[in-house]
Novice: 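Handing you this structure, nothing more for now.
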Amino acid sequence: MSLSRILLALVASGFLATSAHAGPGDFLSGGNGPDKVLKAQLGIKGPKTAACPNEATVTGWVFTNYPGMVQVMVARKGQGVGAPVMIEAKPAANGQYMAVYSRKVAISGPIDAEYRLLVGGGAGIVSNWAPLKASCSFGLPGVELGG
């Protein structure tokens, strides 16, 4: 028997041996396994000037292994958690899916706070803490600042 036939026989027997160990319960539909939230991130782009009133942009990203709706909430450190919001995970890089949360936040007075994104549905996933700072060291003419 030639060397190439021996190698071919070894490779074929390897495939047979490997598939013999797999059972019907070992294959998952969809190829991704159970729906899973992989991670969450939060970023805040604060005001560009020290003038108030002003606004900041809060953006959160949730990465999953499935498409569809994801529930998120924004929490302020030492304060509480906001109402749940549903966002949709769509195809992203590396076979993952990404859902994006974005919101403008009005700033009417000085603030030094931290926020985080909580993923609902029992996922137990939270994002990093993201700071939001604004000094509001001066107001715009004709505008009274709230406390």
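Just so you know, these numbers come straight off a predicted model, no measurement behind them. Computed over heavy atoms, backbone and side chain alike; hydrogens, waters and symmetry mates excluded.
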Novice: Decide whether Val126 and Val85 are clustered together by the hydrophobic rule: side chain heavy atoms of Ile, Leu, Val, Met, Phe, Trp, Tyr closer than 4.5 Å, transitively.
Specialist: no
Novice: Check whether any side-chain N or O of Asn65 sits under 3.5 Å from a backbone N or O of Pro34 as a donor-acceptor pair, and report yes or no.
Specialist: yes
Novice: Flag yes if more than 12 heavy atoms outside Arg103 fall under 6.0 Å of its CZ atom; otherwise flag no.
Specialist: no
Novice: What I'd like to find out is whether the side chain of Leu132 reaches to under 4.5 Å of the side chain of Ile107, using heavy atoms alone.
Specialist: yes
Novice: Can you name the nearest heavy-atom pair linking Leu118 to Ala75, along with the distance?
Specialist: CD1-CB, 4.0 Å
Novice: With a 4.5 Å limit on heavy-atom distance, are the side chains of Pro110 and Cys136 in contact?
Specialist: yes
Novice: What's the verdict on side-chain contact (heavy atoms from CB on, under 4.5 Å) for Ile87 and Val72, showing C-alpha distance, side-chain angles and the deciding distance?
Specialist: CA-CA 7 Å; Ile87 56 177; Val72 296; 3.8 Å; yes
Novice: Considering only heavy atoms from C-beta outward, does the side chain of Lys77 approach that of Trp129 to under 4.5 Å?
Specialist: yes
Novice: In Å, rounded to the nearest 0.5 Å, how long is the span from NZ of Lys104 to CD of Glu55?
Specialist: 5.0 Å
Novice: Going by atom types only, do Thr64 and Asp35 share a side-chain donor-acceptor pair under 3.5 Å?
Specialist: no
Novice: Roughly how far, to the nearest 0.5 Å, is CE of Met86 from CE of Met69?
Specialist: 5.0 Å
Novice: When Val62 is tested against each of Leu42, Ile125, Val119 for side chain to side chain contact (heavy atoms under 4.5 Å, CB included), which residue passes?
Specialist: Val119
Novice: Verify the cluster assignment for Tyr66 and Phe63: are they in a single hydrophobic cluster under the rule of side-chain heavy atoms below 4.5 Å apart?
Specialist: no
Novice: Lys39 versus Trp61: any side-chain heavy-atom pair under 4.5 Å?
Specialist: no
Novice: State whether a side-chain donor-acceptor pair under 3.5 Å links Lys45 with Thr57.
Specialist: no
Novice: Taking all atoms of both residues into account, what is the closest heavy-atom pair of Ala89 and Tyr97, and its distance?
Specialist: CB-CB, 3.9 Å
Novice: Counting N and O atoms only, with roles assigned by atom type, does the side chain of Arg116 sit under 3.5 Å from a partner on the main chain of Ser127, one being a donor and the other an acceptor?
Specialist: yes
Novice: Hey, quick one: are Val58 and Met73 part of the same hydrophobic cluster, counting side-chain heavy atoms closer than 4.5 Å, chains of contacts allowed?
Specialist: no
Novice: With heavy-atom distances below 4.5 Å as the criterion, would you say the side chains of Thr59 and Tyr101 are in contact?
Specialist: no
